[in-house]
Amino acid sequence: MYEKLRGVRDFYPEDHIGRRHMHDALYATARSYGFKEVTTPSIEPLELITKKSGDAIVNEIYAFQDKGGRDICLIPELTPSIARMVISRQKELVKPVKWCSLSRHWRYERPQRGRQREFYQFNVDILGVRSSRADFETIACGIDCMLSLGLDNFRFHISDRTLIEQFFTSHGIDASQAFSIVDKRTKVNEGEFRDMLSGIGVGDECYEQLEGLLSLNGPIHETLPEVKETLGACGAHADDALTTLEEIGSLLESYGMDEHCTLDLSIVRGLAYYTDMVFEVFDKRRSMRSLFGGGRYDNLIELLGGQPMPAVGFAIGMPLLELLMREEGTWPEPSFGPDYFVVTIGDVEREAFSLIRALRAKTTVEYDLSGKNLSNQMNLANSIGARRVIIVGERDVKSHVFTVKDMETGDQQQVPMDEFYKTLKE
RNA sequence: GCCGGGGUAGGGUAGCAUGGUUAUCCUAAAGGACUGUGGAUCCUUUGACUCGGGUUCAAAUCUCGGCCCUGGCCCCA
């Protein structure tokens, strides 16, 4: 007996019913937006990952040397690989590049709710276009992904990092330090938060203004004027961001999705590589951590060796989605009995096999593999959840009929063989 | 890496405080009773104290450590 390794999961047949449903729904949604499916390798040069995320990440991932002494790793996220793929065909790809991918990832970290060491994640990215429409399209696709899974207890909190960044810069404060503090706002109490900010030089007046900005939360078109008022003139970058947010808000409204969105400048997404628009998805009551997130990352392609190329996207983890679907009751119950189970009595192999082959051309059929008697064949049919049983017995064969039994109602009738085959062809 | 909760057959559990017969019950699975009919019933079988050390005449029970699960922190790319 071996135990499975920590943080990994076995998927048994019954797990695949829901998984298949979830994957199909996500792909179908992305496909309806025109996203094309890609698959990356599961191993990449370690440098591809560290270039994006820094050397410290090596402690959090599965990194090792292969037999040739190369430093490689199991991919902890998809974006670097996507970037690599885009860069190697950067010239020839028609822009925008719209790709989606369901990929497997590994992170060497402590497993906890909705987080495992090996997991699947669904990514959606638009590369090559910097526009509010691309931002909007990404968000809209994310919303439809959730809706397609029967989930509606969520809200997209949309922000733009440059607003808070410009706010700090215009007050002479280092923005990158400030971001990591802002990111902790909901995790520490008010006093601690204020102390941390004081530590990097945020004065009382500045703090009041910041608090005003961070606590705003509401429909984009209603909330944005307040942001403008508080920010005042913070420079061209901030003005661009405001315009973009305004456009995103108006697009979401026209598209009929603004009810799922709220403006929330406290979203900065840690020290991530995001450049402008960012969003994070929470359940409506914000009772849990963020469900997933995404945003614009316009510098990454260049950082990884390509020509400068704007990009926007999101990634959503499957473990958490499954949890949500189970909680909402939209995770499908496993039911996978065959449509037919063929029971035989006596020496009727030829008749049974031609029936089975004919049925298998259209549907799922099973039969006893172990030589059970009639009663035990029925038993087996019942316990695997077969919807119908067809009895092929010596007496039936002599009179050219099949006995067809509905396992749910218990009704059973004799159907002439030709008639049965005829209806099967229709 | 840090803090908390937990671990008894495949699943669910009783027993643990107060150490003491062959570890309880339900369920599941396999086989059988039934020789042209499943779900019911009955019979048989499979099957567990997470691992290791300590205390003790005796440990599922007390104690220490590891492993795993679980909630959170760090991190979240």
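Reckoned from all heavy atoms, side chains included, excluding hydrogens, waters and symmetry mates. The sequence lines fix the lettering, A, B, ..., with proteins before strands; numbering per chain opens at 1. Note that the structure is predicted; figures quoted are calculated from it, not measured.
- Rounded to whole Å, the C1' atom of rA40(B) lies 31 Å from the corresponding atom of rU8(B).
- Among rA77(B), rU37(B), rC69(B), the nucleotide with an atom closest to any side-chain atom of Arg6(A) is rC69(B).
- On the C1' atoms, rG12(B) is 28 Å away from rG72(B), given to the nearest whole Å.
- Distance from the side chain of Lys184(A) is smallest to rC75(B) among rG72(B), rA77(B), rC75(B).
- Of the residues near RNA chain B, Ala386(A) and Ser370(A), the one whose nearest nucleotide (by heavy atom distance) lies more toward the 5' end is Ser370(A).
- Here rA17(B) sits opposite no nucleotide as a Watson-Crick or G-U wobble pair (both hydrogen-bonding atom distances under 3.5 Å).
- Ile391(A) comes within 4.0 angstrom of a nucleotide base, judged by non-hydrogen atoms across all strands.
- Side-chain nitrogen and oxygen atoms of Ser375(A) include at least one within less than 4.0 Å of the OP1 or OP2 phosphate oxygen of rG38(B).
- Atom CG of Asp15(A) and atom P of rG11(B) are 14 Å apart (whole Å).
- The base-pairing partner of rC62(B), taking Watson-Crick or G-U wobble contacts with both distances under 3.5 Å, is rG54(B).
- In this structure, Phe292(A) and Phe314(A) have tilted ring planes: the angle between them lies in the 30° to 60° band.
- Using a 4.0 Å cut-off between charged nitrogen and carboxylate oxygen, Arg113(A) and Glu327(A) count as a salt-bridge pair.
- Closest contact between the side chain of Asn379(A) and the listed nucleotides rG31(B), rG38(B), rA77(B) involves rG38(B).
- Candidate nucleotides rG71(B), rU37(B), rG38(B) were compared by shortest atom distance to the side chain of Thr403(A), and rU37(B) ranks first.
- With a 3.5 Å ceiling on both atom-pair distances, the Watson-Crick or G-U wobble partner of rC68(B) is rG6(B).
- For Ile345(A), counting side-chain heavy atoms from C-beta on, the closest listed nucleotide (rG36(B), rG72(B), rC34(B)) is rG36(B).
- Straight-line distance between the C1' atoms of rA9(B) and rA48(B): roughly 4 Å, to the nearest whole Å.
- Between the CG atom of Asn59(A) and the P atom of rC76(B) there is a distance of 13 Å, given to the nearest Å.
- The separation between Phe179(A) atom CZ and rC76(B) atom P is 14 Å, rounded to whole Å.
- Aromatic ring centres of His157(A) and Phe279(A) lie farther apart than the 6.0 Å criterion allows.
- For the P atom pair drawn from rU50(B) and rG31(B), the interatomic distance equals 30 Å after rounding to whole Å.
- Between His23(A) and Tyr120(A), the angle of the ring planes lies from 30° to 60°, which puts this pair in the tilted group.
- Taking atom P on both rU61(B) and rG15(B), the two are 15 Å apart, rounded to the nearest angstrom.
- The interatomic distance linking Lys372(A) (NZ) with rU35(B) (C1') rounds to 16 Å, in whole Å.
- Mapping Gly7(A) and Arg107(A) onto RNA chain B by nearest heavy atom places Gly7(A) at the nucleotide closer to the 5' end.
- Base-pair partner of rU35(B): not found among the strands shown (Watson-Crick or G-U wobble, both distances under 3.5 Å).
- The number of heavy atoms from other shown groups lying within 6.0 Å of CD (Glu109(A)) is above 12.
- Rounded to whole Å, the separation between the C1' atoms of rC74(B) and rG6(B) comes to 23 Å.
- Taking atom P on both rG11(B) and rU56(B), the two are 36 Å apart, rounded to the nearest angstrom.
- Whole-Å rounding puts the Phe341(A) CZ to rG38(B) C1' distance at 11 Å.
- For Arg269(A) and rA77(B), the shortest distance from a side-chain N or O to OP1 or OP2 is below 4.0 Å.
- Nucleotides rG53(B) and rA60(B), compared at atom P, are 13 Å apart to the nearest Å.
- One interatomic measurement links the two molecules: NZ of Lys4(A) to C1' of rU50(B), which rounds to 14 Å at whole-angstrom precision.
- Ring geometry for Phe119(A) against His105(A) counts as tilted: the plane angle lies between 30° and 60°, on a 0 to 90° scale.
- When each of rC74(B), rG36(B), rA77(B) is scored by its nearest atom to the side-chain atoms of Lys52(A), the top-ranked nucleotide is rA77(B).
- Classification of Arg9(A) and Asp15(A) as a salt-bridged pair holds, one side-chain N sitting under 4.0 Å from a carboxylate O.
- Within the nucleic acid shown, Gly293(A) has no heavy atom closer than 4.0 Å to any nucleic acid atom.
- Put simply, CG on Leu380(A) is 9 Å from P on rG31(B), counting in whole angstrom units.
- When both distances must be under 3.5 Å, the Watson-Crick or G-U wobble mate of rA29(B) is rU45(B).
- In the set rC68(B), rG36(B), rA77(B), the nucleotide with an atom closest to the side chain of Ile61(A) is rA77(B).
- Side-chain proximity of Glu60(A) to the nucleotides rG39(B), rC34(B), rA77(B) is greatest for rA77(B).
- Rounded to whole Å, the distance from CD1 on Ile384(A) to C1' on rA29(B) is 15 Å.
- One cannot find a donor-acceptor pair under 3.5 Å joining the base of rU37(B) and the side-chain atoms of Gln377(A).
- Scanning atom types as modelled, no donor and acceptor separated by under 3.5 angstrom connect the side chain of Arg110(A) and the base of rC76(B).
- A cation-pi arrangement is absent between Arg107(A) and Tyr62(A), since the terminal nitrogen or guanidinium carbon is not both under 6.0 Å from the aromatic centre and inside a 45° cone about the axis.
- Picking from rG32(B), rU37(B), rA77(B) the nucleotide with the shortest atom distance to the side chain of Asn376(A) gives rG32(B).
- Across the strands present, rG1(B) finds its partner in rC73(B); the criterion is a Watson-Crick or G-U wobble pair with both atom distances under 3.5 angstrom.
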